[in-house]
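Following: one structure in structure tokens, then a few remarks.
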Amino acid sequence: ETYDVLREHGIPPEDARFVLPISTETKIAMTMNARELRHFFTLRCCLRAQWEIRELANRILHVCKSVAPVLFENAGPSCVRLGYCPEAELTCGKMEQVLENYRNKS
């Protein structure tokens, strides 16, 4: 019932699911090379990504930039690398704000 009420109030399904019994904490381990990390950042740093994975991606990006700043200099959502949003009509509509945010991050 709570899930349905959250959905009726416009909460996205991926966030409303947190009230369901299957929404439990998960511990994960992963390995990625630099190329895959950059690809991960293009997809998961995007404002259209689910907020939890976006927060994780930004934390990992911060660590990567501190360890290898040149390698991850223009890493982030795809609009940072490309200079435009490749999502066409599905864009977040906040590209300039995103670009400014990633330019100011170290």
Side-chain angles (χ1 to χ4, degrees):
E1 292 174 9
T2 303
Y3 174 84
D4 293 334
V5 170
L6 290 171
R7 290 295 297 129
E8 288 170 7
H9 283 85
I11 304 298
E14 60 271 16
D15 291 335
R17 285 187 205 116
F18 284 107
V19 299
L20 299 174
I22 59 171
S23 180
T24 58
E25 180 179 342
T26 303
K27 305 234 186 273
I28 64 169
M30 61 183 181
T31 59
M32 289 188 232
N33 61 27
R35 181 181 295 155
E36 184 54 33
L37 276 167
R38 290 179 59 85
H39 177 68
F40 173 73
F41 297 142
T42 64
L43 299 175
R44 302 303 177 210
C45 289
C46 178
L47 287 180
R48 295 189 64 242
Q50 201 265 347
W51 69 270
E52 269 189 320
I53 194 70
R54 186 173 61 243
E55 183 178 318
L56 175 66
N58 281 306
R59 287 181 182 192
I60 295 170
L61 177 57
H62 179 74
V63 171
C64 288
K65 283 187 171 193
S66 69
V67 173
V70 173
L71 189 58
F72 294 98
E73 179 178 23
N74 67 344
S78 56
C79 61
V80 170
R81 184 176 50 83
L82 299 173
Y84 66 91
C85 179
E87 298 291 335
E89 67 274 350
L90 300 176
T91 181
C92 70
K94 300 178 182 179
M95 190 180 85
E96 290 303 318
Q97 178 184 347
V98 170
L99 292 175
E100 186 64 30
N101 185 37
Y102 279 89
R103 281 186 205 118
N104 292 330
K105 283 186 176 181
S106 55

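Bear in mind the structure is a predicted one, so any value in this text is a computation, not a measurement.
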**Study point:** Nearest heavy atoms of P13 and Y3, plus distance in Å
**Key:** CB-OH, 3.8 Å
Revision key, fill the gap. Side chain to side chain contact (heavy atoms under 4.5 Å, CB included) filter on L82, not counting sequence neighbours, yields S78, Y84, P86
Distance-only donor-acceptor hits, side chain of residues 4-12, under 3.5 Å, sequence neighbours excluded:
unit_1: R7; atom_1: NH1; unit_2: I11; atom_2: O; d: 2.4
unit_1: H9; atom_1: ND1; unit_2: V5; atom_2: O; d: 2.8

Revision key, fill the gap. In short, side chain to side chain donor-acceptor pair (under 3.5 Å) pairs touching residues 39-48 with sequence neighbours left out are R48-E87
Revision key, fill the gap. Across all chains, not counting sequence neighbours, the side chain to side chain donor-acceptor pair (under 3.5 Å) partners of R38 are N74
Study note, to complete from the structure: The salt bridge (charged side-chain N to carboxylate O under 4.0 Å, His left out) partners of R81 (sequence neighbours excluded) come to none
Check your understanding: Residues in salt bridge (charged side-chain N to carboxylate O under 4.0 Å, His left out) with E14, at least two apart?
Key -> none
Review point. Should we count CD of E73 as having more than 12 external heavy atoms under 6.0 Å?
Key: no
Point to revise | D15 vs E52 side-chain heavy atoms within contact, under 4.5 Å | key: no
**Study point:** All side chain to side chain donor-acceptor pair (under 3.5 Å) counterparts of Q97, not counting sequence neighbours
**Key:** none
Check your understanding: Should side-chain heavy atoms under 4.5 Å link Ile, Leu, Val, Met, Phe, Trp and Tyr, which residues sit in the same cluster as L43?
Key -> none
Study note, to complete from the structure: For R35, the salt bridge (charged side-chain N to carboxylate O under 4.0 Å, His left out) test, sequence neighbours excluded, returns none
Point to revise | Partner set under side chain to side chain contact (heavy atoms under 4.5 Å, CB included) for C64, not counting sequence neighbours | key: L37, F41, I60, F72
Practice item. To the nearest 0.5 Å, tell me how far L61 CG sits from C45 SG. Key: 5.0 Å
**Study point:** Where A75 and V80 come nearest, the two heavy atoms and their spacing
**Key:** O-CG1, 4.2 Å
Revision key, fill the gap. CD1 (I53) and SG (C46) are apart, to the nearest 0.5 Å, by 13.0 Å
Check your understanding: Under a single-linkage definition using a 4.5 Å side-chain heavy-atom cutoff for Ile, Leu, Val, Met, Phe, Trp and Tyr, are L71 and V63 assigned to the same hydrophobic cluster?
Key -> no
Practice item. List for me each residue that meets side chain to side chain donor-acceptor pair (under 3.5 Å) alongside E55, sequence neighbours excluded, and say none if there are none. Key: R59
Exercise for review: Measure the shortest side-chain to side-chain distance between P77 and L47 over non-hydrogen atoms and say whether it is less than 4.5 angstrom.
Suggested key: no
